[in-house]
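Letters go in sequence order (proteins before strands), and every chain restarts at 1. Fair warning: this is a prediction, and the values are worked out from it, not measured in the lab.
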Protein chains: 2
Amino acid sequence: MKRDSRLSAVLHALLHMAERDTPMTSDALAQCLGTHPVVVRRTMGLLREAGLVTADRGHAGGWRISADLTKVTLRQLHEALGEPALFAVGNRSEHPSCLVEQVINAALDTAFADAEALLLQRFESVTLAALAADFTRRHGAHRSRHRHEA
Amino acid sequence: MKRDSRLSAVLHALLHMAERDTPMTSDALAQCLGTHPVVVRRTMGLLREAGLVTADRGHAGGWRISADLTKVTLRQLHEALGEPALFAVGNRSEHPSCLVEQVINAALDTAFADAEALLLQRFESVTLAALAADFTRRHGAHRSRHRHEA
DNA sequence: TTTCATGTAACAAACGATGTTACGTTAGTG
DNA sequence: CACTAACGTAACATCGTTTGTTACATGAAA
């Protein structure tokens with residue numbers, strides 16, 4: 001099954017942007033993500049509509065983060081992307097007339113609802129700032145060493 | 001994203017089979033499920049390989065449940081189907097060279113792992129017998145009323 | 001031996017995510 | 001004012017996966 005990787009992609013983009021203080025163009029982000037600039041605009045556009053980033057046109061334009069990194073959670077990003085379905089398995093029909101299928105749907109639905117609640121709760125507990133800090137913690141020494149060499 | 005509905009489908013088939021004491025043909029099941037007999041054989045074949053059902057050819061042939069309904073859990077069915085991916089969202093690449101993406105993957109992976117563990121635990125706690133009983137509880141009165149009318 | 005059934009391979013259709021092209025719009029630069 | 005750099009967006013192409021379908025082989029019972 002083909003997985004939706006946009007959440008992973010926007011995280012990747014946002015963390016790269018957080019490492020800089022100048023805007024990043026769609027072309028630059030596309031190169032980071034190994035994709036096409038139009039795909040970047042399409043996906044980042046959803047974050048713009050949610051007020052998380054801004055895009056400036058023309059010279060020296062590009063994408064900038066417009067929200068507080070300590071306030072933005074994975075859940076907000078998930079919502080900004082339109083809350084795509086989290087599960088790759090599910091019921092055959094959502095409102096079946098067959099009584100057997102109604103029982104099955106009820107059983108599966110509660111299981112999936114519980115798992116979804118847990119997942120969203122985890123999403124809510126992770127901020128962009130935490131991820132950025134995690135990055136610095138894991139690779140900060142590496143980077144500062146390079147900076148000293150330069 | 002297109003959802004894998006085979007777990008739901010085999011549950012539907014098994015519960016219909018549990019309601020009878022004679023084998024059901026692929027054509028009969030296909031009619032129940034609104035699909036094609038070959039799809040039924042393809043999917044039920046996985047359950048046969050797992051030892052959960054048997055298939056007899058020729059006259060009066062068809063599919064029969066060969067396992068104890070109180071022992072078969074949703075998790076076993078999920079495994080019998082080859083443990084298809086449960087989530088529709090995920091990482092862009094599983095082993096990225098980009099350090100940023102490694103941090104993102106780590107964060108997402110733990111969240112998804114926790115949710116998957118919960119979901120599988122729920123699957124493990126539901127037996128076919130429990131679903132069948134649930135069916136009888138919810139619709140048994142309805143059925144016996146019909147039986148009396150007939 | 002005919003009919004009913006599964007087993008399986010090969011192919012077709014449908015769908016969704018992603019990639020691409022094309023063109024429009026806006027903003028800075030010379 | 002023309003030029004260039006960037007986003008905005010619609011339309012189309014591509015790719016992979018799931019599901020549906022056809023065709024044919026195999027086995028069992030009447």
Side-chain angles (χ1 to χ4, degrees), chain A residues 1-10 12-13 17 22-50 52-66 81-93, chain B residues 1-10 12-13 17 22-50 52-66 81-93:
Chain A
M1 169 134 328
K2 202 166 204 173
R3 286 177 159 184
D4 181 347
S5 62
R6 289 178 302 161
L7 179 60
S8 176
V10 297
H12 195 163
M17 290 162 67
T22 57
M24 285 188 75
T25 66
S26 300
D27 288 78
L29 286 172
Q31 203 146 12
C32 280
L33 304 183
T35 182
H36 198 280
V38 173
V39 176
V40 172
R41 292 195 192 103
R42 193 187 290 155
T43 312
M44 294 294 286
L46 297 172
L47 302 193
R48 186 193 53 217
E49 289 168 13
L52 302 174
V53 300
T54 58
D56 291 318
R57 306 203 227 203
H59 280 269
W63 300 91
R64 279 180 299 126
I65 298 179
S66 61
L81 294 175
E83 306 197 35
L86 290 171
F87 295 105
V89 311
N91 297 325
R92 286 165 6 92
S93 58
Chain B
M1 166 132 330
K2 202 166 205 175
R3 286 177 159 184
D4 182 347
S5 61
R6 290 177 303 163
L7 179 59
S8 176
V10 297
H12 196 165
M17 290 163 68
T22 56
M24 286 187 75
T25 66
S26 301
D27 288 81
L29 286 173
Q31 203 146 13
C32 281
L33 304 184
T35 183
H36 199 280
V38 174
V39 175
V40 172
R41 292 193 193 106
R42 192 186 290 159
T43 312
M44 294 293 287
L46 298 171
L47 301 194
R48 184 192 55 217
E49 290 169 12
L52 301 174
V53 300
T54 58
D56 291 317
R57 305 202 231 202
H59 282 269
W63 299 90
R64 279 178 299 125
I65 298 179
S66 60
L81 294 175
E83 306 198 35
L86 290 170
F87 295 104
V89 310
N91 297 326
R92 286 166 4 93
S93 57

| said: Is A/Ser26 close enough to D/dC7 that one of its side-chain N or O atoms is under 4.0 Å from OP1 or OP2 there? | reply: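 Checking D/dC7 against A/Ser26, a side-chain N or O does come within under 4.0 Å of OP1 or OP2.
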| Test item: side-chain donor near acceptor, A/Trp63 and A/Ser26, under 3.5 Å |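 Result is yes, a qualifying pair exists.
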| Between A/Ala60 and A/Glu49, who's closer to the 5' end of DNA chain D by nearest nucleotide? |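 The residue closer to the strand's 5' end, by nearest nucleotide, is A/Ala60.
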| query | What parts of residues 28-36 of chain B reach DNA chain D, counting only heavy atoms under 4.0 Å away? | reply |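 Those residues are B/Thr35, B/His36.
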| task | Determine the contact category for B/Gly62: base if any of its heavy atoms lies under 4.0 Å from a base atom, sugar-phosphate if only primed atoms, P, OP1 or OP2 are that close, otherwise nothing. | result |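 Sugar-phosphate, no base atom in range.
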Can you tell me whether the side chain of [X] and the base of [N] have a donor-acceptor pair closer than 3.5 Å?
X	N	answer
A/His59	C/dT29	no
A/Arg42	C/dT20	yes
B/Arg57	C/dT6	yes

Can you check the [X] [atom1] to [N] [atom2] distance for me, whole Å?
X	N	atom1	atom2	answer
A/Met24	D/dA5	CE	P	18 Å
B/Arg64	D/dA28	CZ	C1'	13 Å
B/Leu81	D/dT17	CG	P	18 Å
A/Met44	D/dA6	CE	P	16 Å
A/Leu47	D/dC7	CG	P	14 Å
A/Asp56	C/dT26	CG	P	14 Å
B/Arg41	C/dC4	CZ	P	14 Å
A/Arg92	D/dT18	CZ	P	17 Å

| request: Would you check, one step at a time, whether the test side chain to side chain contact (heavy atoms under 4.5 Å, CB included) holds for B/Leu81 with B/Leu7? | output: CA-CA 8 Å; B/Leu81 294 175; B/Leu7 179 59; 4.1 Å; yes
| When you measure from the side chain of A/Val38, which nucleotide among C/dA5, C/dT8, D/dT9 comes out closest? |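 Selected nucleotide: D/dT9.
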| request: Specify the residue among A/Ser5 and A/Gly58 whose closest nucleotide of DNA chain C lies further upstream toward the 5′ end. | output: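 So the residue in question is A/Ser5.
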Would a 4.5 Å heavy-atom cut-off, applied to side chains only, mark [X] and [Y] as touching?
X	Y	result
B/His36	B/Arg41	no
B/Ile65	B/Leu52	no
B/Met24	B/Cys32	yes

| field | Donor-acceptor contact present, side-chain A/Arg92 to main-chain B/Leu33, <3.5 Å | value |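 Yes, because the side chain of A/Arg92 sits within donor-acceptor range (under 3.5 Å) of the backbone of B/Leu33.
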| task | Answer yes or no: is there a donor N or O on one side and an acceptor on the other, between the side chain of A/Thr25 and the main chain of A/Ala28, under 3.5 Å? | result |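 Checking the backbone N and O of A/Ala28 against the side chain of A/Thr25, a donor-acceptor pair under 3.5 Å is found.
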